[in-house]
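Below, chains carry the letters A, B, ... as their sequence lines are ordered, and counting in each starts from 1.
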Amino acid sequence: AQTVTQSQPEMSVQEAETVTLSCTYDTSESNYYLFWYKQPPSRQMILVIRQEAYKQQNATENRFSVNFQKAAKSFSLKISDSQLGDTAMYFCAFIHGGSGGSNYKLTFGKGTLLTVNP
Amino acid sequence: DAGITQSPRHKVTETGTPVTLRCHQTENHRYMYWYRQDPGHGLRLIHYSYGVKDTDKGEVSDGYSVSRSKTEDFLLTLESATSSQTSVYFCAAGAYYEQYFGPGTRLTVT
């Protein structure tokens, strides 16, 4: 079974600075997807960024980018120019891309609480 | 939110009573999911559906059942609520590679 590990329960950063959240995962498959979700105090789960394992290029969405190291099974999220609105719980998640029942299971890490300080 | 709503948004119920949570989506997604979120556990999959009347268990399915009679609706039923089922419940819909979440339901079992 796949596992997702976020080793930083909490982090803080000053407004306008850059912060990196870590995520590692374990799988024997070669075809899969990785995600970062943001959960602000409103509780809404928001998809921040997605990476397909077969793509070598790191995904980028505005101030959010990832460092995907497939061999090391590492998937970190970099937030540039941090804003107060980035304060949230961030979850790393994994799903297989192949066929079969395991296709349907999105496995989450336990989350990293990020606080952006003014 | 990709057109996903959940009802009710908050509920308090007593131990032993049945409870049904509803998820409704407007985007005609094939896949729908129910998760629970608890401190220290992230989100855990309860049940999922890959089509009308096609459902399967997730990792924490004991004490829960689901039904999907229409593409847009996915119901989660707690057959006899227990205090351990106090949690925040999220519905999601979409393709397996792109799941969008509803706003969540906070359920308290007293």
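- Residues Phe90(B) and Phe74(B) do not share a hydrophobic cluster, clusters being chains of Ile/Leu/Val/Met/Phe/Trp/Tyr side chains in contact below 4.5 Å.
- Both the backbone and the side chain of Arg106(B) come within contact range of chain A, with heavy atoms under 4.5 Å apart.
- Residue pairs that meet the side-chain hydrogen bond (donor to acceptor under 3.5 Å, both in side chains) test with at least one member in residues 108-118 of chain A, sequence neighbours left out, are Gln6(A)-Thr112(A).
- Under the 4.5 Å side-chain criterion, counting only non-hydrogen atoms from C-beta, Arg43(A) is in contact with Arg9(B).
- Under a cut-off of 6.0 angstrom, the local environment of NZ in Lys57(B) is sparse, with at most 12 non-hydrogen atoms contributed by other residues, nucleotides or ligands.
- One hydrophobic cluster, built from ILVMFWY side chains closer than 4.5 Å, cannot hold both Tyr35(B) and Tyr64(B); they sit in different ones.
- One hydrophobic cluster, built from ILVMFWY side chains closer than 4.5 Å, cannot hold both Tyr33(B) and Ile46(B); they sit in different ones.
- Applying the ring pair (Phe, Tyr, Trp, His ring centres under 6.0 Å) criterion to Tyr37(A), with sequence neighbours excluded, gives Phe108(A), Phe101(B).
- Annotation: maximal heavy-atom pairing with chain A below 4.5 Å, among His41(B), Glu98(B), Glu59(B), occurs at Glu98(B).
- Residues of residues 78-86 of chain A lying under 4.5 angstrom from chain B, judged on non-hydrogen atoms, do not exist here.
- By the rule that hydrophobic residues join a cluster once side-chain heavy atoms approach within less than 4.5 Å of another member, Tyr33(A) and Tyr31(B) end up as members of one cluster.
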Exercise for the section: Could you check Gln37(B) against Phe91(A) for side chain to side chain contact (heavy atoms under 4.5 Å, CB included), going step by step and ending with a plain yes or no? Expected result: CA-CA 12 Å; Gln37(B) 183 179 24; Phe91(A) 292 98; 3.3 Å; yes
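- Contacts between residues 47-67 of chain A and chain B, defined by a heavy-atom separation under 4.5 Å, are made by Leu47(A), Arg50(A).
- Gln99(B) has its side chain within reach of Ile95(A): a pair of non-hydrogen atoms, C-beta onward, lies under 4.5 Å apart.
- Separation of atoms CD (Gln39(A)) and CG (Leu43(B)) is listed at 7.0 Å; rounding is to 0.5 Å.
- A continuous path of ILVMFWY side-chain contacts below 4.5 Å connects Leu78(B) to Val66(B), so both sit in one hydrophobic cluster.
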